[in-house]
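What follows is a set of notes on a single structure, which appears directly below.
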Amino acid sequence: MKKWLLLAAILSPQAFAAAPCTPDTAPGDLCEVAIDQLRPTQAGIGQLQVDEEQKKLADKSAKKLEKYAVKKEIPVVISPQGEYWLVDRHHLTRTLWQLGVKKTTVKVIAHLQDKATFWPQMEKNHWVWLKNEKGQSIPPEQLPKRIADLPDYPYRSLAGLLQDEGYFDKKKQVYFVEFAWASWLGEKMGWQSVNAGNLKERLTQAKTLACEPDAKALPGYPGEKCLGSAM
């Protein structure tokens, strides 16, 4: 029995370290890449949420952090130039980077090979968010080059917390839903400052707004917490 258990452990995919990512890595495969090589597909990040996640993961070993990243499945798209575009898990990846992790395991979800249609395909598949914090359109060239370069979008943290508490739902795994809510909340709240000191107060305001009819056009409306008031 022990021999069979040992053999199962040896043959288990989790027992092997992921191979290095290459431009030829097939969709569906896991591979290892330097975090500095990952290209963001959004213009900012909710730093308050990142810092909170860093605190939660601070005592985990490198091995446990790697297992956590594999479980979360960090998705990337490989461009015609062989670049690795991170289409989700920006907060997790930034957290890993802040914890000193240099490389992480990612899952390749697509390999786009046509330069002329790369960005249209990225937008069609909801794999990029080409808007700034206030919801204004930006060209791809304005996306930060590295995870380390992502600026803080405080309202993205507020939207993330709102989602965590069930006030809107990330349906059908469409990426970047939180950014639509972040821009909307900012406009509704007059872009008041959001920081660790007033986060509880701002979140209370956001919860009220999230259940109002004005939010109907936003993806994921209404969330479970709003269903009673939305009926």
Could you check if a side-chain atom of Leu158 sits within less than 4.5 angstrom of a side-chain atom of Met189, using non-hydrogen atoms only? yes
Classify the ring geometry between Trp191 and Tyr155 as parallel (under 30°), tilted (30 to 60°) or perpendicular (over 60°). perpendicular
Check the orientation of Trp85 and Trp119. Use parallel for under 30°, tilted for 30 to 60°, and perpendicular for over 60°. perpendicular
For Phe179, does the six-membered ring have the charged nitrogen or CZ of Arg156 within the cation-pi criterion, i.e. under 6.0 angstrom from the centroid and within 45° of the normal? yes
Yes or no on ring pair (Phe, Tyr, Trp, His ring centres under 6.0 Å) for Trp129 and Tyr175, after CA distance, side-chain angles and deciding distance? CA-CA 8 Å; Trp129 185 256; Tyr175 304 130; over 10 Å; no
Please identify which of these residues, Gln54, Lys55, His90, Arg89, meets the side-chain contact (heavy atoms from CB on, under 4.5 Å) condition with Thr95. Gln54
Answer yes or no: is there an ion pair linking Asp29 with Lys107, defined by an N-O contact shorter than 4.0 Å? no
Under a 3.5 Å distance rule, please check whether Asp36 uses its side chain to pair with a backbone N or O of Lys102 as donor and acceptor. no
Look only at the side chain of His111 and the backbone of Pro23, and say whether a donor-acceptor pair between them is shorter than 3.5 Å. yes
Ser79: what forms a side-chain hydrogen bond (donor to acceptor under 3.5 Å, both in side chains) with it, not counting sequence neighbours? Gln81, Glu83
Have Arg94 and Gln47 got a donor and an acceptor in their side chains that come within less than 3.5 Å? yes
Just jot down the side-chain hydrogen bond (donor to acceptor under 3.5 Å, both in side chains) partners of Asp114, sequence neighbours excluded, or say none. Thr117
Does Tyr84 use its side chain to pair, donor to acceptor, with the backbone of Ile35 at less than 3.5 Å? no
